[in-house]
Amino acid sequence: MANETLRAVRGMNDILPAGIGLWQHFEAVIRDWLASYGYQELRTPILEHTGLFKRAIGEVTDIVEKEMYTFVDELNGESLTLRPEGTASCVRAVVENNLLYDGGKRLWYQGPMFRHERPQKGRYRQFHQVGIEALGYAGPDMDIEHLLMTARLWKMLGLAEFVVLEINTLGGAESRASHRQKLIEWFEAHQDQLDEDSRRRLYSNPLRILDTKNPAMQDLVEAAPKLIDELDAAAMAHFDAVRQGLDAAGVAYRINPRLVRGLDYYNYTVFEWVTDKLGAQGTVCAGGRYDGLVAQLGGKPAPACGFAMGVERLLALMAESGQNPPGAVADAYVVNVGDAATRFAVLAAEALRDAGLKAVLHCGGGSFKSQMKKADASGARFAVIIGDDEAAAGEASVKPLRGEGPQQRVGLAELAGIITKE
RNA sequence: GCGGCGGUAGCUCAAUGGUAGAGUCCCAGAUUGUGAUUCUGGUUGUUGUGGGUUCGAGUCCCAUCCGUCGCCCCA
């Protein structure tokens, strides 16, 4: 086993060739899907000033308090942080580059995110997200677009039967504040019934108490003040419109009044797509509206909403459902035995590539038998066989490896024509 | 960060405290120029790491690292 310092950092994984086919398939689907909705890709740095995440995500959230990879750049004393999520960077880039000067923008990004949590299946310290953000759109039509987008994506990925949609509304800032105050008062009055976790959260994140799995507290939680009673008419109308949009499109959902997001910037619509196939890390996609964030990060006030997907979790679901697409395989594997044959095989392989084919040239010598085994194991559809006989004649033998068919011997000019494209 | 379980060949797994093994994979041969089946032979290890107990430790004890399940958190 490798020395500790020569191992990957805990919770950060290599993605090996054997598993890359699923990633590439996923990424190809994602690109088609986003293009079909007219979203444009945005790429931001992995590293940001620490203050960005503190302001965007919230000082008292778990992410900021104990999960960020924050360090001081010793060359200039700046405090920097590996991004734990993508929305903050996206909004920062939008504000910094005035991207909303000519109206709303539909954006997406993908890449690694970093959180210092204890690794578990579906939870890694470096993990990947695909995020979608729509900025400058206030109406429920955009919330609906996002929900329909996600529903379509599950179909495209073959996951529709494994995930269910939960939605909720958090209302505006005022509603949330007054609800929070009433919650604190309610739980203060029933402190004797709170468990240890809940007492700890009472003032830091009282909304989370509603999410408790402690059966002894269910009655108390059920009777607690409900956010829906605090919602103003505008928030209710927005939520109703979102629901009508889902109904009209035939997207099933469950209203979960206890659904709250762990990041401070959300308001109005929030949602999660969850699965029961991945154990404790069952959320594969989540998001919602965050109308205050652009202004909070110094931009001209602009409404916004978006969501992010956990790529590793979605891939785990796809694998669970039996999907295992192969990585790229060559059209031809070029077998060569003998010095003259090896020199000629280089040219034969180049000729195949000139014709737009994928060709793997056998390197390293070995018997015909061992090279044929490599050709078979490579998955290539044809073996192009070159010995000194062929080399002397300027020809190559072509043998189909997958289907029936005779072995043929042809000159270089005809070689590519025999190897059919798939 | 907390609790439970686990870690033996590249992979999947065996091995009463007493010589570390099998299957698979890989390599070679049977077939002196031809893969996927078959047969024969061969390589593969600081038993995660470091201590301790013992005549003797893969096995028991402690620590640590890593994984896994749950909590927590979240995508």
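Note that the coordinates shown come from a computational prediction; the quantities given were computed from them, not determined experimentally. Labels below follow one simple rule: chain letters A, B, ... track the order of the sequence lines, proteins then strands, and each chain is numbered from 1.
A salt bridge links A/Glu222 with A/Arg258: the closest approach of a Lys/Arg side-chain nitrogen to an acidic carboxylate oxygen falls below 4.0 angstrom. Salt bridge annotation for A/Glu48-A/Arg92: present, with a cationic side-chain nitrogen under 4.0 angstrom from a carboxylate oxygen. Comment: A/Glu166 engages A/Arg254 in a salt bridge, judged by a side-chain N to carboxylate O separation of less than 4.0 angstrom. Here A/Arg402 pairs with A/Asp376 in a salt bridge; the nearest charged N to carboxylate O distance falls below 4.0 Å. Taking 4.0 Å as the cut-off between side-chain N and carboxylate O, A/Arg353 and A/Glu350 count as a salt-bridged pair. The existence of a salt bridge linking A/Asp62 and A/Lys66 is confirmed by a sub-4.0 Å separation between a basic side-chain nitrogen and an acidic carboxylate oxygen. Taking the charged nitrogens against the carboxylate oxygens, A/Arg43 and A/Glu41 do have a contact shorter than 4.0 Å, which makes a salt bridge.
Using a 4.0 Å heavy-atom cutoff across all strands shown, A/Glu65 reaches no nucleic acid atom at all. Among the protein residues, A/Ala280 comes within range of the nucleic acid bases, having at least one heavy atom under 4.0 Å from a base atom. Residue contacts for A/Gly282: at a heavy-atom cut-off of 4.0 Å it reaches no nucleic acid atom on any strand shown. At the heavy-atom level, A/Val284 lies under 4.0 Å from the strands shown only through sugar-phosphate atoms.
Here the P atom of nucleotide B/U68 and the CZ atom of A/Arg123 are 11 Å apart, to the nearest Å. Between the C1' atom of B/C71 and the NZ atom of A/Lys66 lies a distance of 12 Å, rounded to the nearest Å. Rounded to an integer number of Å, the gap from CZ of A/Arg402 to P of B/A36 is 11 Å. Residue A/Leu278 contributes atom CG, which lies 14 Å from atom C1' of B/C69 at whole-angstrom precision. One interatomic measurement links the two molecules: CG of A/Asp376 to P of B/C25, which rounds to 12 Å at whole-angstrom precision. One can place CD of A/Glu272 at 8 Å from C1' of B/C74, the figure rounded to the nearest angstrom. Counting to the nearest Å, the C1' atom of B/C74 and the CE atom of A/Met309 are 16 Å from each other. A straight line from CG of A/Asn13 to C1' of B/G67 spans 11 Å, rounded to a whole angstrom.
In the set B/A75, B/C69, B/G35, the nucleotide with an atom closest to the side chain of A/Thr283 is B/A75. Of the candidate nucleotides B/G35, B/C74, B/G1, B/C74 has the atom nearest to the side chain of A/Arg115. Distance from the side chain of A/Ala286 is smallest for B/A75 among the nucleotides B/A75, B/U34, B/C73. Closest approach to the A/Glu67 side chain among B/C73, B/C65, B/U34 is made by B/C73 (side chain taken as heavy atoms from C-beta onward).
Counting distance only, with no hydrogens placed and no angle test, the side-chain atoms of A/Gln120 and the base atoms of B/C73 include no donor-acceptor pair under 3.5 Å. Not a single donor-acceptor contact under 3.5 angstrom links the side-chain atoms of A/Arg118 to the base of B/C71.
The P atoms of B/C25 and B/C72 are separated by 45 Å, rounded to the nearest whole Å. For the P atom pair drawn from B/U31 and B/U68, the interatomic distance equals 49 Å after rounding to whole Å. Between the P atoms of B/C71 and B/U12, the separation comes to 26 Å (whole Å). Look at the C1' atom in both B/U19 and B/A57: the space between them is 14 Å, to the nearest Å. B/A9 sits 14 Å from B/G48 when the C1' atoms are compared, rounded to a whole Å. B/G4 and B/C62 are spaced 12 Å apart, taking the P atom of each and rounding to whole Å. To the nearest whole angstrom, the two P atoms, one in B/C65 and one in B/G50, are 15 Å apart. Across the C1' atoms, B/A22 and B/U8 are found 13 Å apart, a figure rounded to whole Å.
Against RNA chain B, the stretch residues 124-134 of chain A makes heavy-atom approaches under 4.0 Å through A/Phe127, A/Gln129. Residues from residues 21-52 of chain A with heavy atoms under 4.0 angstrom of RNA chain B: there are none. Interface residues of residues 403-418 of chain A facing RNA chain B, ordered by number: A/Gln407; criterion, heavy-atom separation under 4.0 Å.
Summarising the local packing, CD of A/Gln193 is surrounded by more than 12 heavy atoms from other residues, nucleotides or ligands at distances under 6.0 Å. Within a 6.0 Å sphere centred on NE2 of A/His190, other residues, nucleotides and ligands contribute more than 12 heavy atoms. Sparse packing is recorded around NZ of A/Lys374, with 12 or fewer heavy atoms of other residues, nucleotides or ligands lying under 6.0 Å away.
In plain terms, the two heavy atoms of A/Thr169 and A/Leu227 that are nearest each other are O-CD2, 3.3 Å.
Counting heavy atoms from C-beta outward, A/Val335 and A/Phe368 have side chains that approach closer than 4.5 Å. Counting only heavy atoms from C-beta outward, the side chains of A/Gln281 and A/Gln120 approach each other to under 4.5 Å. With contacts defined as side-chain heavy-atom distances shorter than 4.5 Å, the pair A/Leu159/A/Leu314 qualifies. Looking at A/Glu312 and A/Tyr124, their side chains come closer than 4.5 Å, going by heavy atoms from C-beta outward.
Heavy-atom nearest nucleotides on RNA chain B were determined for A/Pro119 and for A/Glu312, and the one closer to the 5' end corresponds to A/Pro119. The 5' end of RNA chain B is approached more closely, in terms of each residue's nearest nucleotide, by A/Asp388 than by the other of A/Gly310 and A/Asp388.
For A/Ala177, there are no side-chain contact (heavy atoms from CB on, under 4.5 Å) partners at least two apart in sequence or on another chain.
Under 4.0 angstrom from either OP1 or OP2 of B/G67 there lies at least one side-chain N or O belonging to A/Arg10.
Below 30°, between 30° and 60°, or above 60°: for A/Tyr39 and A/Tyr37 the angle between ring planes is above 60°, a perpendicular geometry. Taking the six-membered ring where tryptophan is involved, the planes of A/Tyr290 and A/Tyr266 are perpendicular, since the angle between them exceeds 60° and thus also 30°.
Among the duplex regions that RNA chain B forms, those built from at least three successive Watson-Crick or G-U pairs under 3.5 Å are B:1-7 with B:65-71, B:10-13 with B:21-24, B:26-30 with B:38-42, B:48-52 with B:60-64, ordered by first number.
Relative to the ring axis of A/Tyr137, A/Arg106 places its NZ or CZ within 45° and under 6.0 Å from the centre.
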Letter per nucleotide, 5' to 3', of nucleotides 26-31 of chain B [B base touched, S only sugar-phosphate touched, - untouched; heavy atoms, 4.0 Å]:
-SS-B-
